[in-house]
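This is a predicted model, so every value here is computed, not measured. All values below come from the heavy atoms of this structure, side chains included, with hydrogens, waters and symmetry mates left out.
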Amino acid sequence: MVRFTTRLAPAAGLVALLSCPTVAQAASSNVVVDGTSFALNGENVSYRFHVDNSTGDLISDHFGGIVTGDIPADIVSSINGWVGEPGRVRREFPDQGRGDFHLQYQSHTVIQGKPELPGLPATFGTGDDVTTLTVRLYDNYSSVAADLSYSIFSKYDAVVRSVNVTNMGKGNITVEALASMSVDFPFEDLDMITLSGDWAREAHPQRRKVQYGTQGVGSSAGYSSHLHNPFLALVDPATTESSGEAWGFSLVYTGSFSVDVEKGSQGFTRALLGLNPNQLSWSLGPGESLTSPECVSVYSNNGIGGMSRMFHRLYRNHLIKSKFATSDRPPLLNSWEGLSFNYNASTIVDLAQESADLGIKLFVLDDGWFGVKYPRDDDNAGLGDWTPNPAKFPHGLASPVDQITGLQAANTSTDLRFGIWVEPEMVNPNSTLYHEHPDWAMHAGSYPRTLQRNQLVLNVALPEVQDFIIDFMTKLLNSADISYIKWDNNRGIHEMPSPSTDHKYMLGMYRVFDTLTTRFPNVLWEGCGSGGGRFDAGVLQYFPQIWASDDTDAMERITIQLGTSLVYPPSAMGAHLSAVPNQQTGRTLPISFRGHVAMMGGSFGLELDPADMPADDKAALPGLIKLAEKVNPLILKGDLYRLSLPEDSNWPAVLFISENGSQAVLFYFQTAPRINNSIPRVRFQGLDSAAMYKVEGKGVYSGATLMNMGLQFPFDTDVGSIVVFLEKE
Ligand SMILES: *[C@@H]1O[C@H](CO)[C@@H](O)[C@H](O)[C@H]1NC(C)=O
Ligand SMILES: *[C@@H]1O[C@H](CO)[C@@H](O)[C@H](O)[C@H]1NC(C)=O
Ligand SMILES: *[C@@H]1O[C@H](CO)[C@@H](O)[C@H](O)[C@H]1NC(C)=O
Ligand SMILES: *[C@@H]1O[C@H](CO)[C@@H](O)[C@H](O)[C@H]1NC(C)=O
Ligand SMILES: *[C@@H]1O[C@H](CO)[C@@H](O)[C@H](O)[C@H]1NC(C)=O
Ligand SMILES: *[C@@H]1O[C@H](CO)[C@@H](O)[C@H](O)[C@H]1NC(C)=O
Ligand SMILES: *[C@@H]1O[C@H](CO)[C@@H](O)[C@H](O)[C@H]1NC(C)=O
Ligand SMILES: *[C@@H]1O[C@H](CO)[C@@H](O)[C@H](O)[C@H]1NC(C)=O
Ligand SMILES: *[C@@H]1O[C@H](CO)[C@@H](O)[C@H](O)[C@H]1NC(C)=O
Ligand SMILES: *[C@@H]1O[C@H](CO)[C@@H](O)[C@H](O)[C@H]1NC(C)=O
């Protein structure tokens with residue numbers, strides 16, 4: 001049995017320094033080879049490490065702001081301590097103990113561009129965008145090789161690392177732990193930030209001091225989960241939203257994971273991100289390899305906001321493959337909160353007509369449309385039987401869908417589009433599928449199968465289950481004019497046949513996602529996992545948007561959406577205006593407030609039945625839909641600045657600035673009334689100091705004035721919200 005704890009070193013712009021200087025020149029300006037040291041250089045980041053000649057070990061030197069030329073090596077000789085040398089050396093790829101392994105530098109290559117990761121989602125780019133250094137380590141006792149792959153996206157100050165381990169020997173080995181990324185920071189105080197929560201309160205940022213010992217987050221639910229996101233930031237204790245150093249780490253993975261931060265006895269801070277070692281036990285026969293998911297690391301000296309903007313730009317341009325990554329997100333109406341399971345072919349056409357009259361351009365039919373012998377009229381039955389319910393759709397889906405797509409959004413020549421909900425990875429015991437294939441449901445031998453929401457998880461590790469999903473989805477998409485899919489996933493995995501099923505499931509799921517999104521590139525795919533239970537960079541490779549939370553209360557949503565934006569671009573968030581009192585919190589908020597919060601997500605929609613709305617609220621909808629469409633290009637492509645946060649202020653504020661800097665839109669909220677409080681100022685960020693900006697309803701001010709003095713926007717209501725456009729003159 002082999003136990004690995006591998007860690008990744010991030011780098012921006014690679015400089016590989018090896019013993020053969022001429023080889024170095026063959027690479028790009030981002031890569032310099034000289035001696036036995038490697039340096040990756042981005043615009044504002046350096047990542048450096050070298051080979052220790054006496055041990056063959058890879059030693060970390062630096063990950064942070066630019067360093068140039070010769071750099072001083074860590075002084076390790078004048079300190080000691082009980083742990084000896086292993087406790088005071090910063091390593092790129094730490095293994096556990098020194099008994100099993102001695103992975104030594106063997107060779108390296110540098111190429112322009114970035115190879116795909118076999119079977120896994122991964123950032124991509126051309127030779128102009130990214131350079132990849134691969135370092136091969138080899139242990140000649142166990143005949144295990146490890147290829148560490150470092151890709152530097154220099155314009156994003158991002159270093160992406162993954163590792164593959166190959167069994168070069170004649171016996172079998174089992175990999176018990178394999179991290180994607182490992183980085184050792186020198187002796188300094190750091191804070192760590194993670195995103196934690198639960199169903200309906202996802203992505204609440206948690207900031208704490210890194211203490212001695214190991215601290216971290218993870219998921220063992222089979223999916224990335226609501227509980228902790230596969231993300232970590234390490235920041236200087238003085239770092240704020242807009243200033244100071246911040247290092248962000250994001251795993252491009254959707255399964256169980258672990259994030260461990262350890263401050264060791266001699267003060268180094270090590271961060272390890274990767275597959276959850278409790279659910280791995282991956283066996284490798286002779287010649288076989290295991291490839292880790294990749295971890296994206298970014299560095300910013302412009303605070304937490306700067307870190308987020310790096311992730312957003314990189315993910316928009318080099319992770320999300322969909323043609324809709326930054327365009328064409330029609331305002332939609334989703335039937336769930338309005339109709340629940342209670343509809344039929346004629347009532348959905350009525351709802352679609354009402355939606356079109358308001359200016360909606362995509363009608364989405366949620367749960368409840370399928371099941372023949374076990375009709376899906378509540379959550380007891382039907383999952384797995386993806387045939388339209390004949391009682392609701394006596395003539396199938398095509399005819400009502402044609403009626404719906406024959407409608408036009410009010411006062412436009414835009415045809416209404418039709419979308420539908422599925423939950424392909426799940427099965428109800430009350431289903432024909434389960435009766436035919438009980439073994440397809442995830443189970444551990446003859447132990448009882450734990451139901452959650454009356455359902456079980458299909459074992460997507462099985463090729464026959466993958467083919468079943470690909471086949472029924474292909475038939476469904478060919479059966480009617482469907483241009484949007486909401487792909488839900490409403491429970492975690494409890495029983496597994498073996499620990500390695502977890503990762504095998506993910507490889508199977510990615511095969512399904514890849515096949516379907518390649519086969520249907522004109523479909524807009526939205527991910528969902530009981531809300532934000534699968535909001536991760538792995539899903540974003542295939543689906544350009546993800547439903548951020550089942551909590552549609554706009555006040556709660558400010559926190560959830562801003563938390564999610566720590567790493568994921570606003571373009572990726574689905575956000576809906578729903579009826580009041582809110583179904584999750586019972587709170588009643590003004591329609592404009594609900595609309596303004598929802599339009600900060602890339603996919604704006606309504607989740608209600610307009611027929612049930614008060615007349616005033618209904619009358620406000622067309623204007624809010626038009627406003628959502630107007631701001632949408634800035635949300636999809638612009639840079640986000642979190643000017644003030646709901647956890648710190650009664651007046652949260654968010655600014656989106658267009659890519660070319662010529663337009664901006666401010667979202668500003670009052671979350672509770674303050675009597676006789678002086679009116680706070682919104683201080684802008686990210687503007688051009690010297691430029692003049694026309695601020696809607698306020699006048700013309702310089703960027704310097706807006707950023708250093710700010711503007712006041714009084715609220716004369718209880719809770720309130722405003723949206724203000726800025727135009728560079
Ligand atoms: C390590 O070995 C390389 C190649 O033989 C050599 O160029 C370099 O100077 C050595 N470094 C040290 C610190 O000994
Ligand atoms: C492995 O390599 C080291 C360093 O080159 C050498 O000293 C050792 O004898 C080798 N071990 C085996 C089993 O080949
Ligand atoms: C690097 O820093 C400079 C100066 O602050 C800035 O103009 C530039 O945009 C930064 N580059 C990146 C990739 O953030
Ligand atoms: C390695 O594993 C395979 C598959 O489980 C098995 O057939 C084979 O006998 C094993 N080989 C050794 C040397 O244990
Ligand atoms: C492992 O990495 C090496 C070097 O990048 C590559 O040649 C090999 O194909 C990889 N194997 C797998 C299974 O990813
Ligand atoms: C659909 O439901 C409505 C209201 O319950 C009912 O009046 C109508 O006859 C139903 N139509 C079909 C096609 O079942
Ligand atoms: C469409 O135009 C009519 C007539 O001008 C207007 O009353 C209605 O509000 C408009 N609807 C939308 C959704 O813009
Ligand atoms: C199957 O459906 C029936 C009727 O709705 C329900 O009472 C029962 O609990 C369901 N069984 C399971 C295993 O969900
Ligand atoms: C800048 O971008 C905005 C939004 O994408 C666009 O409307 C505008 O025409 C562009 N302005 C310039 C000067 O390129
Ligand atoms: C203080 O608040 C009360 C209640 O809103 C209001 O009547 C009064 O005018 C305020 N005083 C000032 C000085 O604004």
Side-chain angles (χ1 to χ4, degrees), residues 114-124 162 222-224 251-255 289-294 315 318-325 370 383-387 397 417-427 433 436-437 439-442 457-490 493 500-529 534-547 572:
K114 184 172 182 290
E116 290 188 355
L117 277 193
L120 286 163
T123 51
F124 55 83
S162 65
Y223 306 121
S224 46
L251 268 184
V252 185
Y253 193 59
T254 310
S289 295
L290 172 64
T291 302
S292 78
E294 65 180 35
Y315 283 0
H318 298 287
L319 174 70
I320 302 171
K321 285 187 170 171
S322 167
K323 66 192 273 194
F324 302 112
F370 50 91
L383 288 177
D385 298 350
W386 301 101
T387 304
L397 284 177
R417 296 188 229 174
F418 177 83
I420 201 161
W421 178 98
V422 290
E423 193 179 1
E425 298 152 77
M426 298 289 159
V427 65
L433 183 73
E436 285 175 0
H437 299 287
D439 283 352
W440 285 9
M442 196 76 87
V457 183
L458 290 174
N459 185 353
V460 183
L462 302 173
E464 54 270 37
V465 171
Q466 296 159 26
D467 292 341
F468 162 75
I469 296 174
I470 291 168
D471 289 350
F472 93 70
M473 285 299 299
T474 299
K475 283 197 193 94
L476 173 65
L477 283 163
N478 287 332
S479 74
D481 185 5
I482 298 170
S483 52
Y484 165 102
I485 290 287
K486 177 178 172 189
W487 185 299
D488 209 345
N489 192 69
N490 283 318
I493 297 174
S500 62
T501 304
D502 201 317
H503 184 56
K504 286 184 183 133
Y505 179 114
M506 274 304 134
L507 296 176
M509 192 193 78
Y510 290 137
R511 178 189 159 229
V512 170
F513 283 4
D514 186 49
T515 305
L516 288 171
T517 54
T518 305
R519 193 172 284 176
F520 297 100
N522 297 324
V523 169
L524 174 57
W525 300 80
E526 172 165 299
C528 181
R534 265 197 340 199
F535 208 123
D536 59 64
V539 170
L540 284 179
Q541 170 106 94
Y542 310 98
F543 301 166
Q545 63 187 51
I546 303 174
W547 179 230

- Take Trp525 and Thr517, measure what side-chain contact (heavy atoms from CB on, under 4.5 Å) needs, and give me the verdict at the end. CA-CA 8 Å; Trp525 300 80; Thr517 54; 3.8 Å; yes
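- Sorted by first and then second residue, the pairs that involve residues 463-490 and meet salt bridge (Lys or Arg N to Asp or Glu O under 4.0 Å), not counting sequence neighbours, are Asp366-Lys486, Asp467-Arg511.
- Here the side chains of Leu524 and Pro544 are in contact, with some heavy-atom distance below 4.5 Å.
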- Message: Using the rule given for side-chain contact (heavy atoms from CB on, under 4.5 Å), can you reason through Leu433 versus Phe468, listing the C-alpha separation, both sets of side-chain angles and the distance that settles it, and then say yes or no?
- Response: CA-CA 10 Å; Leu433 183 73; Phe468 162 75; 3.8 Å; yes
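- Ring geometry for His437 versus Trp440: interplanar angle under 30°, hence parallel rather than tilted (30 to 60°).
- Nearest approach of Pro121 to Glu294, heavy atoms of both residues: O-CG, 4.4 Å.
- Contact record, Ser292 with Leu117: O-CD1, 3.7 Å, taken as the closest heavy-atom pair.
- Using a 4.5 Å cut-off on side-chain heavy atoms (C-beta onward), Ile485 and Leu477 make contact.
- No donor-acceptor pair closer than 3.5 Å links the side chain of Tyr505 to the backbone N or O of Gly255.
- Neither side chain, Asn459 nor Lys504, offers a donor N or O lying under 3.5 Å from an acceptor on the other.
- In this pair, Trp386 and Trp421 present their aromatic rings tilted. The plane angle is within the 30 to 60° band.
- A distance of 10.0 Å separates OG of Ser500 from CG of Leu290, quoted to the nearest 0.5 Å.
- Nearest approach of Gly222 to Met506, heavy atoms of both residues: O-CE, 3.3 Å.
- Atom SG of Cys528 and atom CZ of Phe543 lie 11.0 Å apart (nearest 0.5 Å).
- No donor-acceptor pair closer than 3.5 Å links the side chain of Asp514 to the backbone N or O of Tyr510.
- Counting only heavy atoms from C-beta outward, the side chains of Leu540 and Ile546 approach each other to under 4.5 Å.
- Residue Thr123 holds its OG1 atom at 9.0 Å from NE2 of His318, rounded to the nearest 0.5 Å.
- Of all heavy-atom pairs between Tyr542 and Leu120, the closest is OH-C, 4.2 Å.
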- Message: Under the criterion side-chain contact (heavy atoms from CB on, under 4.5 Å), I'd like the reasoning laid out for Asp502 against Ile493: C-alpha separation, chi angles, the key distance, then a yes or no.
- Response: CA-CA 9 Å; Asp502 201 317; Ile493 297 174; 5.6 Å; no
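- The nearest pair of heavy atoms linking Ala537 to Leu319 is O-CD2, 3.5 Å.
- Ser224 is not listed as a side-chain neighbour of Phe535, based on a closest heavy-atom distance of 4.5 Å or more.
- Residues Ile420 and Leu397 form a side-chain contact, since some pair of their non-hydrogen atoms from C-beta on lies under 4.5 Å apart.
- In terms of heavy-atom proximity, Arg417 sits nearest to Ser483 at CB-OG, 3.4 Å.
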- Carefully, step by step, assess Asp385 and Phe472 under the rule side-chain contact (heavy atoms from CB on, under 4.5 Å). CA-CA 9 Å; Asp385 298 350; Phe472 93 70; over 6 Å; no
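- Put simply, the side chain of Glu423 does not reach to within 4.5 Å of the side chain of Phe370, judged on heavy atoms.
- For Phe124, the side chain to side chain contact (heavy atoms under 4.5 Å, CB included) partners are Lys321, Gln541, not counting sequence neighbours.
- Rounding to the nearest 0.5 Å places CD1 of Ile469 at 6.0 Å from CD of Glu425.
- Between Thr387 atom OG1 and Leu476 atom CG the span is 9.5 Å, to the nearest 0.5 Å.
- A distance of 11.5 Å separates CG in Leu458 from CD in Gln466, rounded to the nearest 0.5 Å.
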